Amino acid sequence: MRFNPQTADAHWQKIWEESGTFRASDDSARPKAYILEMFPYPSGRIHMGHVRNYTMGDVLARYKRMTGHNVLHPMGWDAFGMPAENAAMAKKVHPGEWTLANIETMKAQLKRLGFALDWSRELATCDPRYYGHEQALFLDLYEAGLVYRKDSEVNWDPVDMTVLANEQVIDGRGWRSGALVERRKLGQWFLKITDFAEELLDGLGTLDKWPDKVRLMQENWIGRSQGLSFRFRVDSAIAGYDALEVYTTRPDTIFGASFTAISPDHPIAQALAPQDPELAAFIAECKRGGTTAAELETAEKKGYDTGRTVAHPLDPEWKLPLWVANFVLMDYGTGAIFGVPGHDQRDFEFATKYGLPIRRVVAASPEAADAPVVGEADSGGGVIVNSQFLDGLSVEDAKTEVIRRAEAGGWGQGTTVWRLRDWGVSRQRYWGTPIPIVHCDGCGAVPVPREQLPIVLPDDVSFDIPGNPLDRHPTWSKAECPKCGAAARRETDTLDTFVDSSWYFIRFASQPADKPFDKAAAESWLPVDQYIGGVEHAILHLLYARFWTRALKRIGRLDVAEPFQGLFTQGMVTHASFSRVPEGEERPVYFEPSEVERGADGGYTLLATGEPVTVGRLEKMSKSKKNTVDPDVIVDQYGADAVRWFMLSDSPPERDLEWSEAGIEGAWRFVRRLWRLATELEGSEAGGEDRALKRKLHQTIAAVGKAIEALAFNKAVAALYELVNAVEKAPASADRAEAARTMLRLVAPMVPHVAEEAWQALGGEGLIADAPWPEADPALLVDDEVTIAVQVNGKLRDTLTAPKGTAREALEEMALASEKVMRVLEGKPPRKVIVVPDRLVNVVA
RNA sequence: GCCCCGGUGGCGGAAUUGGUAGACGCGCUCGACUCAAAAUCGAGUUCCGCAAGGAGUGCCGGUUCGAUUCCGGCCGGGGGCACCA
């Protein structure tokens, strides 16, 4: 009988579902294991990347169940977001309808893959039963002072009448409308993530089950820098400012200063502008400049000399000019700098352009103190020179000394500055969580009373004209001020969807109807033991979720500091793509694999025209590149197990996996082999021992368990292949029958359908999903005979077999007796013999 | 520019408290079965060489009895950040 996934898959999926096999229990004596994969955005259909991601989590979840854990492995939908509104505009369908239809499709697709998910906890963020609680949490944070409103610059598309994310601005134009994007100041809501900068940074130190790469990326993003904040006295006060506060990480170069510069947005610049039309013009010019990385890269350093001067804090007679410069950022440090052209490249370019002095204050040695700085700034280390009392000190010592003097003299203090900015969460869009705030002319921004939650999105909206439908809805935004009762206006901005994904893992753990979560229940599951998802979320989602969790901890709602104890970032699924750049155009056109054919020379040509096409080998599957493979089609053809096995084979999970026909064929071959091996065994009741096979079995049990716990699925797969090969080759025996049965339990987390089917065929008790993970017998993990490598001068010359634990002297004797060794030695006595017991003998001639 | 990660057969990759490099899979070659094909099974497959043997983990050097593994210097690949003072 052949294994037929078309019937077997559905059969076992139904049984698992009906018996509630994968339901998590809230009260269980077994140790908990919370396994979570990043929930998908319901974009339409599942893609191979999802399949790979969820298969990995599934193997771990099933393995944890078998090793006696109470497993929580839930699934839900990150259901708010722009694609739904784009679909609404393009297809005239309500975003909610579109989203729910997609969820239905994708849920069916996931079910076909046989994932061990607890569907009873399914949630969608676009459900008021979810986002209503999110509004309550937002208000909690608001009351705790962790939410504030501020005017902030945004990219405004004047045609679509919407705010655009930086990624949606292409060459200064809106990606959809093509209109020139304006910079506009709008009142925006912010979450005070900067309040948590230090603990978010320090907390990374506790995340030893996270990839170093991700911790490093977050560390850089948070960006702590230590330096000195100090004041230059202004010669005559400007708009009440009698001092200019600057920040530097190089206080050691304080004697190398040749100018000071402030950002065009600095209050002093703003105060001077009205009396100085030239300055006003310069500031306006700076504002026009683009903000893209490429533009900044090539942007010229430009400045305007205000004509004012400031006094050096260490020498009041030393006057420095005060410039306004385009490269000084208002939102980092104090928005003002002092320029040290000798040792900072930007300052060097600026000084060169405007003829300002370039002074050396750091040199490789005191003798090099007078060497001019030419060509570019000298960023090297060394000793301080030309700096009075700092001369001869190292850079580090000089930093400490200047900070000490500044603090003692009261003109500055050692400061920590962060790169991290507060999180702007306002989005001028419909399909998101409404921000529960009412704006009243008299009372300002007033939080919505709890009893009015959830603030539900109106259904009767249209997307015929651009802009936010909430804004122009006839009644929705009308509200009564909760404070004074006057007519007021509801906030029509919605929350960034990253807020939705910042706490869904808590809601999975506990979902009461009347509150976001129950503290004790949530704490019983959290933190997530293993979180798995794409590395593209290394910073934003993972940082926001960490922040949100810590914010809840601070306000006493949840006693969990870090939401994700273990993190794994899996690689993409890639596939060859076929493209051709048409004559006279720049952008390539992509073709379906069915539109091309392989020529005799190995190159590919277009079937229709015979024109050659370019093969892109390792590209992420995407619709625009026409290199996607629909999981449904593959499952139809090969069944869920073959797809799952392929997703786990070969490539290490953190690296990209190339989809190939040969790969899925190979996986399918393995599934059939397993089935054949198990069912052929039926009735072959030979007795007798097979020590070698038994040992192999136990070594495999240990190896597979270790590999799965390390998420090294490719290694688990390799170990299983070895076992299957060994069982196949072994003659019939009681040990062989036992090995085959045990083998099924070892493959069960990966290929659960064929495992259940074969388990049943072999008369296994109950479901294999409920079977315990086999235990490896430590006595069988070690071989009692070992192969010893025999080297001469570190070069392998021979091998010999010896009982484990053979004495050094005996091994040495055996090695020296080797014919091959004797031939190489040519009768000369060895100078030295190194023996590593049970491993090797190295004869040094 | 700054920071980080990995360079191993035709391909994906295994092996690191330094100890037989190439497990396992894919592909390929030969063979068996078959009228034939598919499927399946067996043998082989780092390179050079008929062989003996030699070379070999990006390149150059070092430490060591012994280096894919440790150290120094290069060369290419990928990723993150970026006018952050």
Side-chain angles (χ1 to χ4, degrees), chain A residues 2 211-221 223-225 227-228 246-251 253 261 263 289 293 295-301 325-329 331-340 343-347 349-350 376 379 417-421 535-536 538-539 617-618 645-646 649-652 654-658 660-663 665-667 669-670 672-673 676 703 712 714-725 728-729 786-800 823 830-836 838-845:
Chain A
R2 279 182 63 139
D212 292 342
K213 181 171 78 168
V214 174
R215 285 193 300 186
L216 199 77
M217 280 163 72
Q218 292 213 354
E219 195 179 310
N220 292 338
W221 186 264
R224 168 157 56 192
S225 82
L228 172 69
V246 302
Y247 170 75
T248 180
T249 55
R250 292 295 303 274
T253 63
S263 162
E295 281 169 304
L296 289 173
E297 181 76 19
T298 54
E300 201 184 344
K301 305 276 177 290
N326 65 345
F327 66 93
V328 181
L329 307 173
D331 54 3
Y332 185 77
T334 59
I337 61 155
F338 72 97
V340 184
H343 305 286
D344 181 282
Q345 186 56 26
R346 291 157 304 178
D347 298 348
E349 288 170 29
F350 192 77
E376 57 177 18
S379 55
V417 166
W418 305 88
R419 207 193 79 105
L420 186 69
R421 302 280 185 277
V535 73
E536 65 273 20
I539 296 173
R617 261 290 134 198
L618 291 169
W645 187 256
F646 179 31
S649 307
D650 295 344
S651 279
E654 68 277 12
R655 287 196 219 165
D656 290 351
L657 170 71
E658 191 185 346
S660 70
E661 200 62 31
E665 282 288 347
R669 203 177 311 149
F670 175 76
R672 278 176 300 172
R673 234 176 112 196
R676 214 169 37 237
N714 58 321
K715 292 187 209 171
V717 163
L720 287 166
Y721 266 117
E722 281 193 59
L723 179 65
V724 170
N725 290 345
E728 243 174 11
K729 285 194 174 74
V786 288
T787 308
I788 307 285
V790 179
Q791 303 178 328
V792 176
N793 293 335
K795 219 173 211 342
L796 184 73
R797 293 297 173 182
D798 201 359
T799 60
L800 51 90
R823 192 164 47 199
R831 278 197 298 152
K832 194 160 120 188
V833 180
I834 285 154
V835 181
V836 181
D838 296 335
R839 292 219 83 125
L840 62 71
V841 179
N842 187 15
V843 180
V844 186

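In what follows, chains carry the letters A, B, and so on, assigned in the order in which the sequence lines appear, proteins first and then strands, with residues in each chain numbered from 1. What you see is a predicted model; the values in this text were computed from it and never measured.
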Exercise for the section: Return the nearest nucleotide to the side chain of A/Ile337; candidates are B/A14, B/A85, B/U40. Expected result: B/A85

Practice task
Find the distance A/Lys301:NZ to B/C84:P and express it as a whole number of Å.
Solution key: 8 Å

Practice task
State the CG-CD1 distance between A/Asp838 and A/Ile788, to the nearest 0.5 angstrom.
Solution key: 5.5 Å

Fill in the blank from the handout: Sorted by chain and residue number, the salt bridge (charged side-chain N to carboxylate O under 4.0 Å, His left out) partners of A/Arg673 (sequence neighbours excluded) come out as A/Glu728

Practice task
Using atom CD of A/Gln345 as one end and atom C1' of B/A82 as the other, report the distance to the nearest whole Å.
Solution key: 15 Å

Exercise for the section: Remember a base hit wins even if backbone is also touched, and classify A/Arg224 as base, sugar-phosphate or nothing at under 4.0 Å, heavy atoms. Expected result: nothing

Problem - Contact check, side chains of A/Asn714 and A/Asp650, non-hydrogen atoms, under 4.5 Å - result: no

Exercise for the section: Hey, could you give me the CG/CZ distance between A/Asp331 and A/Arg419, rounded to the nearest 0.5 Å? Expected result: 10.5 Å

Problem - Short side-chain N/O contact from A/Arg797 to OP1 or OP2 of B/G54, under 4.0 Å - result: yes

Handout entry: Atom pair distance, as rounded to whole Å: CH2 in A/Trp221 and P in B/C4
Key = 19 Å

Fill in the blank from the handout: To the nearest angstrom, the CG-C1' distance between A/Asp347 and B/G1 comes to 15 Å

I'd like a table of atom pairs between the protein and nucleotides 24-27 of chain B - only N or O on both sides, under 3.5 Å - with the distance next to each one.
residue : atom : partner  : partner atom : Å
B/G25   : OP1  : A/Asn725 : ND2          : 3.3
B/C26   : OP1  : A/Arg669 : NH1          : 2.9

Handout entry: Whole-Å distance separating the NZ atom of A/Lys795 from the P atom of B/G53
Key = 12 Å

Handout entry: Residue pair A/Phe327 / A/Ile337, side-chain heavy-atom distance below 4.5 Å
Key = yes

Fill in the blank from the handout: CG of A/Leu796 to CG of A/Asn842, rounded to nearest 0.5 Å, is 10.0 Å

Handout entry: Candidate list A/Val246, A/Thr248, A/Thr249, test side chain to side chain contact (heavy atoms under 4.5 Å, CB included), partner A/Leu228, passing option
Key = A/Thr248

Handout entry: Nearest-Å distance once atom P is located in both B/C11 and B/U16
Key = 23 Å

Problem - Listed nucleotide nearest any side-chain atom of A/Arg676, set B/A55, B/C41, B/C65 - result: B/C41

Practice task
For B/C50 and B/G12, measure between their P atoms and round to the nearest Å.
Solution key: 29 Å

Exercise for the section: Could you tell me how the ring of A/Trp645 sits relative to the ring of A/Phe670: parallel (under 30°), tilted (30 to 60°) or perpendicular (over 60°)? Expected result: parallel

Practice task
Report yes if at least one side-chain N or O of A/Tyr332 is closer than 4.0 Å to OP1 or OP2 of B/A85; otherwise report no.
Solution key: yes

Completion exercise
RNA chain B nearest-nucleotide lookup for A/Ser651 and A/Val843: closer to the 5′ end is A/Ser651

Practice task
Could you work out the separation of B/C30 and B/C35 based on their C1' atoms and round it to a whole Å?
Solution key: 22 Å

Problem - Within 6.0 angstrom of A/Arg421 CZ, more than 12 heavy atoms from elsewhere - result: yes

Handout entry: Closest approach of A/Gln218 to A/Ile539 (non-hydrogen atoms, all atoms of both residues)
Key = NE2-O, 3.9 Å

Please list, pair by pair, any protein nitrogen or oxygen found under 3.5 Å from a nitrogen or oxygen in nucleotides 15-20 of chain B.
residue : atom : partner  : partner atom : Å
B/A15   : OP1  : A/Lys715 : NZ           : 2.8
B/G19   : O2'  : A/Arg839 : NE           : 2.9
B/G19   : N2   : A/Gln791 : OE1          : 3.4

Problem - side-chain contact (heavy atoms from CB on, under 4.5 Å) against A/Arg655, all qualifying residues, sequence neighbours excluded - result: A/Pro652

Exercise for the section: Mind calculating the distance between CD1 (A/Ile539) and P (B/G79) to the nearest angstrom? Expected result: 15 Å

Fill in the blank from the handout: Judged by whether its glycosidic angle lies within 90° of 0, B/G79 is anti

Exercise for the section: Report which part of the nucleic acid A/Arg831 touches: base, sugar-phosphate, or nothing (heavy-atom distance under 4.0 Å, all strands). Expected result: nothing

Practice task
Taking side-chain contact (heavy atoms from CB on, under 4.5 Å) as the test, write out the residues that go with A/Ala718, two or more places apart.
Solution key: none

Practice task
Check whether any side-chain nitrogen or oxygen of A/Asn714 sits under 4.0 Å from OP1 or OP2 of B/A14, and answer yes or no.
Solution key: yes

Exercise for the section: Could you tell me the separation between the CZ atom of A/Arg419 and the C1' atom of B/C2, rounded to a whole number of Å? Expected result: 12 Å

Handout entry: A/Lys213 vs B/G78: side-chain N/O to OP1/OP2 distance below 4.0 Å
Key = no

Practice task
For A/Arg823, report the nucleic acid contact type (base, sugar-phosphate, nothing); a contact means any heavy atom under 4.0 Å.
Solution key: sugar-phosphate

Fill in the blank from the handout: For RNA chain B, the expected dot-bracket line (Watson-Crick or G-U under 3.5 Å, [ ] crossing, | inter-strand) is (((((.(..(((......[....)))((((((.......))))))(((....)))..(((((..]....)))))).)))))....

Problem - Nearest to side-chain heavy atoms of A/Arg346, which nucleotide of B/C83, B/A14, B/C65 - result: B/C83

Exercise for the section: Can you tell me the distance, in whole Å, between the CH2 atom of A/Trp418 and the C1' atom of B/C81? Expected result: 17 Å

Handout entry: A/Phe338 and A/Thr253, any side-chain heavy atoms less than 4.5 Å apart
Key = yes

